[in-house]
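Let me begin by presenting the structure, written as structure tokens, before commenting on it.
Just so you know, ligand 1 is whichever comes first in the structure, and atom 1 is the first atom listed for that ligand.
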Amino acid sequence: MVVLGIETSCDETCASVLCGCDRVLSNIVSSSLSLHAPYGGVIPEIASRAHLEVIVSVVDAALKEARVAPKDIGLIGVTQGPGLIGSLLVGISFARALALAWGVPILGVNHVRSHLYASFIEKKILFPFVGLVVSGGHTSLYRVKSLSHEEIIGSTRDDAAGEAFDKVAKILGLAYPGGPVIEKLAKQGQSDAFVLKCDCGSGIDFSFSGIKTAVLYKVRDLKKVYGALKKETIADICASFQEAVVRDLVAKSIRAVHAAKAKTLAVGGGVAFNNTLRQRLASACQKEGIRFCIAPHEYCLDNAVMVASLAARLFRSKKHKGRVRLDPLTG
Ligand code: KG4
Ligand code: ZN
């Protein structure tokens, strides 16, 4: 079955075509990031207008690149939430219109779950597994029993990890989004230059707001003494901050796998793009004898491949129970 995926939950307009749940025929992403960059974060109104402007050409490009025509599409998968309401409505309304015009079924998928299942593209899913979704909006650990059943076993009490990267970058006067910039600068810094910690006890919940405030105070104090921060100092702060976040994510993920008596750790979301996190999770899993599945780089950030893939899996397994739920408020 050929599946068209559409994703518009935040600032990227994405469309992709898959054959089944694994074979990627096209993956188109159009980002409105440059329009938001001056504000240091995504402006919902700007994002939804940008989706409206490009959605026709993005879907068209996905069909062309995949060399398929509307008559070949057997299913449309669309992100139904969570996300920015205005942005979601553009994708959902567009997908609905296509489904009606082409006479094909449509399935709404949850954005966070699609990030999670991106780790199984071209891999076999073995239930139960523990999933870590680590993005700009979410940092959660799930115990996943089946395609239709998962429970949250740990989550952030305040900021998401990606949000902390973005906020720390802002404090340091770096570009938005902060994750890629901090990762790049961290390579030039010393990760033990500053003592920074993510504190949230010995459980499997997260908290990243404290470390962000610690960076804020550190920068304020350093500026009082030395004036503007040197490049090397900024690199050291980036390295120390990244080290603390990675250490916390790795430790809690491993703890969660043991607590859930699972044998697999699956990881997805924008922060999973980070190579230090990827390497540290991989070696921790190897050491503990845990199967490790992480979304390939190209499917970590928002994309429609993960949406089409999860829609295909749900459709195939009939886990959607024949219902087409498209409700951006509940996701
Ligand atoms: O999954 P995503 O595209 O959107 C959400 O659903 O939130 O994730 C975006 C987040 C941003 O906060 C961004 O700073 C972070 O992912 N991110 C990274 C890296 N690349 C993107 N964080 C750490 N290291 C990276 N290389
Ligand atoms: Zn996302």
Inset, instruction - Using a strict cut-off of 4.0 Å, indicate which atoms of ligand 1 neighbour a heavy atom of Gly137. - result: 7 (O)

Inset, instruction - Spell out, as yes or no, whether a donor-acceptor pair under 3.5 Å connects the side chain of Thr139 to the backbone of Ala161. - result: yes

Legend entry - No-hydrogen, no-angle side-chain donor-acceptor test under 3.5 Å, Ser207 and Asp158: yes

Legend entry - Residue part near ligand 1, for Asp166, under 4.0 Å between non-hydrogen atoms: side chain

Legend entry - Ionic contact status for Asp166 with Lys170, cut-off 4.0 Å: no

Inset, instruction - Report yes or no: does Gln279 contribute a side-chain atom to a donor-acceptor pair with the main-chain N or O of Leu281 at less than 3.5 Å? - result: no

Inset, instruction - For His115, take its heavy atoms, then give the atoms of ligand 1 lying under 4.0 Å from any of them. - result: 1 (O), 6 (O)

Legend entry - Shortest protein heavy-atom distance from atom 7 (O) of ligand 1, along with the residue and atom involved: Gly136 N, 2.8 Å

Legend entry - Nitrogen or oxygen atoms of Phe165 and ligand 1 under 3.5 Å apart: no

Legend entry - ILVMFWY cluster membership beyond Val54 - transitive side-chain contacts under 4.5 angstrom: Ile28, Val58

Inset, instruction - Kindly assign one of parallel, tilted or perpendicular to the pair His111 and His115, based on the angle between their ring planes and the thresholds 30° and 60°. - result: perpendicular

Inset, instruction - Give the numbers and elements of all ligand 1 atoms closer than 4.0 Å to a heavy atom of Leu301. - result: 3 (O), 21 (C)

Inset, instruction - Enumerate the atoms of ligand 1 whose separation from the nearest heavy atom of Pro177 is less than 4.0 angstrom. - result: 14 (O)

Legend entry - atom 22 (N) of ligand 1 [closest protein heavy-atom partner, distance rounded to 0.1 Å]: Gly179 CA, 3.3 Å

Legend entry - Any residue meeting side chain to side chain donor-acceptor pair (under 3.5 Å) with Ser32, in chain and number order, not counting sequence neighbours: His36

Inset, instruction - Could you tell me whether His111 approaches ligand 1 through its side chain, its backbone, both or neither, with non-hydrogen atoms closer than 4.0 Å? - result: side chain

Inset, instruction - Could you tell me the residue and atom name of the protein heavy atom closest to atom 17 (N) of ligand 1, and the distance to it rounded to 0.1 Å? - result: Gly270 O, 3.6 Å

Inset, instruction - Tell me, with the steps shown, if Tyr142 and Phe129 meet ring-ring contact (aromatic ring centres under 6.0 Å, His included). - result: CA-CA 8 Å; Tyr142 301 85; Phe129 66 85; 9.4 Å; no

Inset, instruction - Just need the protein heavy atom nearest to atom 3 (O) of ligand 1, so name the residue and atom and give the distance. - result: Asp302 N, 3.2 Å

Legend entry - N/O donor-acceptor pair under 3.5 Å between Ser253 side chain and Leu249 backbone: yes

Legend entry - Shortest protein heavy-atom distance from atom 26 (N) of ligand 1, along with the residue and atom involved: Glu183 OE1, 2.7 Å

Legend entry - Closest protein heavy atom to atom 24 (N) of ligand 1, given as residue, atom name and distance to 0.1 Å: Asn274 ND2, 3.1 Å

Legend entry - Qualifying residues under salt bridge (Lys or Arg N to Asp or Glu O under 4.0 Å), relative to Glu243, sequence neighbours excluded: Arg247, Arg280

Legend entry - N-O pairing of Arg49 and Glu45 below 4.0 Å: yes

Legend entry - Distance-only donor-acceptor check, side chains Ser9 and Glu7, under 3.5 Å: yes

Inset, instruction - Taking 2.8 Å as the upper limit, name the protein N, O or S atoms near the Zn ion (ligand 2). - result: His111 NE2, His115 NE2, Asp302 OD1

